[in-house]
Amino acid sequence: MSSLSYQANSLYFGKTKLEELLLKEKTPLYVYHLAGISERLNLFRENIPKNAAIHFAMKANANAKVLNLFQKESVGVDVVSAGEIQKALNAGFKPDQIIFSGVGKTIEEIELAIDQSIHQINIESAPELHRIGKIANKKQKKTKIAFRLNPDVDPKTHPYITTGFRENKFGMEEKCIPELLSALTLYPYLELTGLTMHIGSQIRTLEPFNAALDKMIPLFSSIRAQGFALKNFDVGGGLGIPYENAENNTETVALIKNYGKLLEKVAQIKDCKILCEPGRILVANFGILLAQVQYIKETSYKNFLILNTGMHHLVRPTLYQAYHQILPVCIFPDRKEINYDVVGPICESSDVLAKNRILNEIKADEYIAIADAGAYGFTMSSRYNEHDQPKEICI
Ligand SMILES: *Cc1c(COP(=O)(O)O)cnc(C)c1O
């Protein structure tokens, strides 16, 4: 199920020959392979327990056609702002398919969520519980909430995408639970329907998930024993992909299968639905960013491949030292291999997409594809330096 492949030294994305696509499309360009996303979604769905529902984390990719695909497949969404709630509603998601997460929900955002009767608001702090409770009381409107706990596990991913460690701003400590439960007596319109966690992103081993579940499952039972009718166990998202190896799919298939088996632990809990919030794992592999080489700049120290895209369109390398494979759209077997630093036009030294990459020699005006840019690519893009944002198309 790999979407990128070379045939006769020409790069294909799915069945599309990129050389041909580039005759009619301008770069920089995000391209998404919908059939790939659909296949990945099916793989994920087949491997998680039967009582698990998927809520795609739309901050990973909010392209209208991508959202449409998930909506048609009866998948819900996980959102983190009013803008995302609005976009999800516009894409046809029903309010009860929307889960609202995030540490900084404003009054306006909470009012929108309550007015729309969305499925669940994930509460991230005691002050937020009081704010939401007061708004629900004033509106006299039943509001379903879940407590997001910080299980204090170290997911061993990049520190900027760790969210379930004690030093992170996300979730609430276990020791706060008694205070949170007693606060609920002030707010009769709040209904505590579940617990939720999300320990980080780009996690490629199951141990941190396992450790977090081992802390959360007893808490779930103990809150139920105190008379709260919890119905949902939300396990968050966070599965990662091997960015260093864009064509290889075996690790991802194995990770998804084993993740599904791990969730059987949660499926054992009686009368409890599992909610999954995957983002990256469903879409990252099925997006590329196509760019054109503007200049080859040779200095005494480096060969720079200067592109018409950079950190403003794909910030992950700058933000997290993330690795993305760089693939020439055409390979010329008679050319030599050269060590490049692949950079953008932005006036920042951190505008580097890839360092020390040995590539088949590339000349100015030729094209390259940046692999695995389907998650946290366009959604994180900006207009820094007053450049246009890239166009997005689906194949
Ligand atoms: C970002 C996020 C996700 C998705 O994370 P991935 O690593 O892309 O799977 C899920 N849940 C919450 C609350 C998030 O913030």
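Ligands are counted one by one from 1 in listed order, and the atoms in each one are counted from 1 as well. Every value quoted in this text rests on a predicted model; they were computed, and no experiment measured them.
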Using a 4.0 Å cut-off to any heavy atom of [X], which atoms of ligand 1 qualify?
{"X": "Arg280", "result": "6 (P), 8 (O), 9 (O)"}
{"X": "Gly237", "result": "9 (O), 10 (C)"}
{"X": "Lys59", "result": "1 (C), 2 (C), 3 (C), 14 (C), 15 (O)"}
{"X": "Ala57", "result": "3 (C), 4 (C), 10 (C)"}
{"X": "Ser101", "result": "13 (C)"}

Sub-4.0 Å heavy-atom approach of Phe170 to ligand 1: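 Judged by the 4.0 Å heavy-atom criterion, Phe170 does not count as contacting ligand 1.
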
Non-hydrogen atom of Ile281 closer than 4.0 Å to ligand 1: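 False for this residue.
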
Closest protein heavy atom to atom 8 (O) of ligand 1, given as residue, atom name and distance to 0.1 Å: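 The closest heavy atom on the protein side is Tyr376 OH, 2.5 Å.
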
Nearest-contact summary for atom 5 (O) of ligand 1 - protein heavy atom, Å: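 Answer, as residue, atom name and distance: His198 CE1, 3.3 Å.
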
Proximity to ligand 1 by part of Glu277, non-hydrogen separation under 4.0 Å: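 It is both backbone and side chain that touch ligand 1.
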
Contact partition for Ser201 relative to ligand 1, non-hydrogen atoms under 4.0 Å: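 Under 4.0 Å from ligand 1, Ser201 contributes backbone and side-chain atoms.
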
State whether the shortest distance between N or O atoms of [X] and N or O atoms of ligand 1 falls below 3.5 angstrom.
{"X": "Arg148", "result": "no"}
{"X": "Gly238", "result": "yes"}
{"X": "Gly279", "result": "yes"}

Is there a donor-acceptor contact under 3.5 Å from the side chain of [X] to the main chain of [Y]?
{"X": "Asn47", "Y": "Ile256", "answer": "no"}
{"X": "His324", "Y": "Ala371", "answer": "yes"}
{"X": "Ser10", "Y": "Gln7", "answer": "no"}
{"X": "Asn303", "Y": "Tyr340", "answer": "no"}

Min side-chain heavy-atom separation Ile288-Tyr30 under 4.5 Å: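 No, side chains not in contact.
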
Over all atoms of both residues, closest heavy-atom pair of Phe100 and Ser81: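 In terms of heavy atoms, the two residues are closest at CE1-N, 3.5 Å.
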
Heavy-atom pair of closest approach, residues Ser350 and Thr318: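 In terms of heavy atoms, the two residues are closest at O-OG1, 2.8 Å.
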
Salt bridge Glu366-Arg335, side-chain N to carboxylate O under 4.0 Å: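 Salt bridge: yes.
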
Lys/Arg-Asp/Glu bridge criterion (N-O < 4.0 Å) met for Glu124, Lys105: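 Not counted as a salt bridge, because no side-chain N and carboxylate O are separated by less than 4.0 Å.
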
